[in-house]
Student: 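Take a look at this one; I'll ask things after.
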Amino acid sequence: MENFQFYSPTEFVFGIDTECETGRYVKKHGGTKLLLHYGSGSAVKSGLIERIKDSLHKNNISYTELPGVQPNPRDTLVYKGIEICKKENIDFILAVGGGSVIDSAKAIAIGALYDGDFWDFYGTGKVVEKALPVGTVLTIAAAGSEGSGDTVITKENGSLKRSVGSDLLRPKFSVLNPMLTCTLPSYQTACGATDIMAHVFERYFTNTSEVEITDRLCEAVLLTMIKETPRVIKNPDNYDARSNIMWAGTVAHNNIIGVGRCQDWSSHCIEHELSALYDCAHGAGLAVIMPAWMEFVYKHNLLRFAQAAVRIWGCQMNFENPAETALEGICRFRHFLHDIGMPINFSELGAKAEDIPKLVEKLGIGNGRIGGFESLSAEDITEIYKIAAQAEL
């Protein structure tokens with residue numbers, strides 16, 4: 001296990017009706033003038049935004065609203081939020097929604113205290129030195145942004161999707177009421193589940209040895225998702241299954257299961273170009289890319305993939321031919337994704353094989369490489385896209 005520092009300051013408030021106490025937590029964490037940031041659909045129609053406003057009024061917290069966040073959140077709305085924060089002297093941002101809303105809020109939090117363009121930090125390695133505090137009310141279990149320091153934004157000019165991470169962006173508090181996810185369509189639920197599993201796999205496939213504790217934690221989260229996702233798709237009102245999935249989403253990405261080990265993240269980078277170009281759901285794109293990446297890299301550490309097949313997917317170990325076991329595990333993963341309603345190839349996703357050169361170019365690595373498990377060149381990534389384009393059960 002490698003040396004590590006772990007910092008997770010977020011206060012998690014979990015359970016039924018917890019959103020009705022949101023104002024109290026804003027006040028507890030120093031908020032007085034709030035930017036209330038959300039989408040434009042279910043959070044309003046369900047009455048959630050009104051319940052939160054009532055709680056803000058009860059706690060004498062003033063607010064300015066900024067609705068309209070879209071999936072794969074855009075820089076254009078971020079700029080609008082930054083302008084509001086500077087004009088209104090906002091001192092706290094509350095994101096009500098899923099990962100897209102929270103990521104947008106974090107980007108605004110960076111830009112509100114920065115004299116330049118917030119985009120300066122995305123995909124550049126520039127360090128975030130200050131940001132407004134952010135709180136969240138989560139409505140979709142997926143991105144894990146409610147407990148992480150990460151944010152991903154799409155730049156509309158050029159359809160570039162880039163990320164930045166900083167502990168300064170970890171939410172001060174996050175309200176998690178699993179009941180708020182019960183009205184999600186099954187496709188969105190499945191996309192969220194796929195994203196959660198991808199966050200775990202990005203950590204699980206590592207070159208670091210002797211990480212049994214985090215191996216087992218990763219496996220526990222994945223086994224939970226394998227059990228609970230079909231249950232909640234069959235019965236959307238299953239509160240217990242929703243609860244386990246919601247907390248799994250947080251644990252999968254606040255990095256408690258990733259400390260002390262080298263992580264990969266190439267699948268996320270490769271997928272970002274799909275969702276930037278086609279505006280598809282991030283989880284759906286990962287369902288296509290992640291198994292394809294596995295098929296391309298599994299020989300890099302054959303026994304780790306065989307271990308995943310046995311411990312996670314219940315395969316029998318073939319000691320004479322561990323490659324057979326590894327490939328069976330990847331096959332079972334792809335079948336699982338198909339069974340919960342996810343696409344498994346470009347055609348089902350709405351992507352085009354002829355766009356592969358464009359996707360690779362937009363990734364922007366040139367002669368460089370990405371990936372912490374197996375280092376991938378542009379040519380390697382081209383092959384992964386080709387596997388993804390043609391995948392079959």
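Numbers here simply count residues along the sequence, with the first being 1.
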Student: Is a side-chain donor-acceptor pair under 3.5 Å present for His335 with Asp339?
Tutor: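 No.
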Student: Check whether any side-chain N or O of Asn255 sits under 3.5 Å from a backbone N or O of Ser148 as a donor-acceptor pair, and report yes or no.
Tutor: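 No, because the side chain of Asn255 does not come within donor-acceptor range (under 3.5 Å) of the backbone of Ser148.
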Student: Taking atom types as modelled, find out whether Glu88 and Thr64 have a side-chain donor-acceptor pair closer than 3.5 angstrom.
Tutor: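 Side-chain D/A pair, Glu88 to Thr64: absent.
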Student: Does any N or O in the side chain of Arg203 come within less than 3.5 Å of the main-chain N or O of Ala252, such that one atom is a donor and the other an acceptor?
Tutor: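 A pair under 3.5 Å: yes.
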Student: Applying side chain to side chain donor-acceptor pair (under 3.5 Å) as the test, list every pair that has at least one member in residues 357-367; sequence neighbours left out.
Tutor: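 Residue pairs passing side chain to side chain donor-acceptor pair (under 3.5 Å), neighbours aside: none found.
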Student: State whether Arg51 and Asp54 are salt-bridged, where the test is any N-O pair (Lys NZ or Arg NE/NH1/NH2 against Asp/Glu carboxylate O) under 4.0 Å.
Tutor: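 Salt bridge between Arg51 and Asp54, a charged N being under 4.0 Å from a carboxylate O: no.
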Student: Going by side chain to side chain donor-acceptor pair (under 3.5 Å), name the pairs with one or both residues in residues 27-36, residues two or more places apart or in two chains.
Tutor: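 Matches after skipping sequence neighbours: Glu11-Lys28, Glu11-His29, Thr32-Asp91.
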Student: Tell me if a side-chain donor or acceptor on Glu219 pairs with a main-chain N or O of Arg311 at a distance below 3.5 Å.
Tutor: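 Answer holds: no.
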Student: State, without any angle test, whether Arg162 and Thr124 hold a side-chain donor-acceptor pair at a distance under 3.5 Å.
Tutor: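 No - no donor-acceptor pair under 3.5 Å links their side chains.
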Student: Using the side chain to side chain contact (heavy atoms under 4.5 Å, CB included) definition, which of the options Ile140, Val152, Val69 pairs with Ser100?
Tutor: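 When side chain to side chain contact (heavy atoms under 4.5 Å, CB included) is applied between Ser100 and each of Ile140, Val152, Val69, only Val69 qualifies.
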Student: Using modelled atom types and a 3.5 Å cut-off, is there a donor and acceptor pairing between side-chain atoms of His37 and backbone atoms of Leu66?
Tutor: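 Yes, the answer is positive, given that a donor and an acceptor are paired below the 3.5 Å cut-off.
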Student: Under 3.5 Å, is there a donor on one side chain and an acceptor on the other for Tyr114 and Glu129?
Tutor: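 No, Glu129 and Tyr114 have no side-chain donor paired with an acceptor closer than 3.5 Å.
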Student: Within the 3.5 Å criterion, strictly below it, is a donor on Thr250 or Glu146 matched to an acceptor on the partner's side chain?
Tutor: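 Per modelled atom types, Thr250 and Glu146 side chains form a pair under 3.5 Å.
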Student: Would you say the side chains of Thr224 and Asn244 form a donor-acceptor pair under 3.5 Å?
Tutor: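 No - no donor-acceptor pair under 3.5 Å links their side chains.
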Student: Using modelled atom types and a 3.5 Å cut-off, is there a donor and acceptor pairing between side-chain atoms of Gln263 and backbone atoms of Gly258?
Tutor: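 Answer holds: yes.
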Student: Is the closest basic N to carboxylate O distance between Asp240 and Arg231 below 4.0 Å?
Tutor: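 Looking at Asp240 and Arg231, the cut-off is not met.
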Student: Could you tell me whether a side-chain N or O of Thr325 sits under 3.5 Å from a main-chain N or O of Met317, the two making a donor and an acceptor?
Tutor: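 No: the side chain of Thr325 does not pair with the backbone of Met317.
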Student: Is Lys130 atom NZ crowded by more than 12 heavy atoms from other residues, nucleotides or ligands, each under 6.0 Å away?
Tutor: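 Open: at most 12 neighbouring heavy atoms sit under 6.0 Å from NZ of Lys130.
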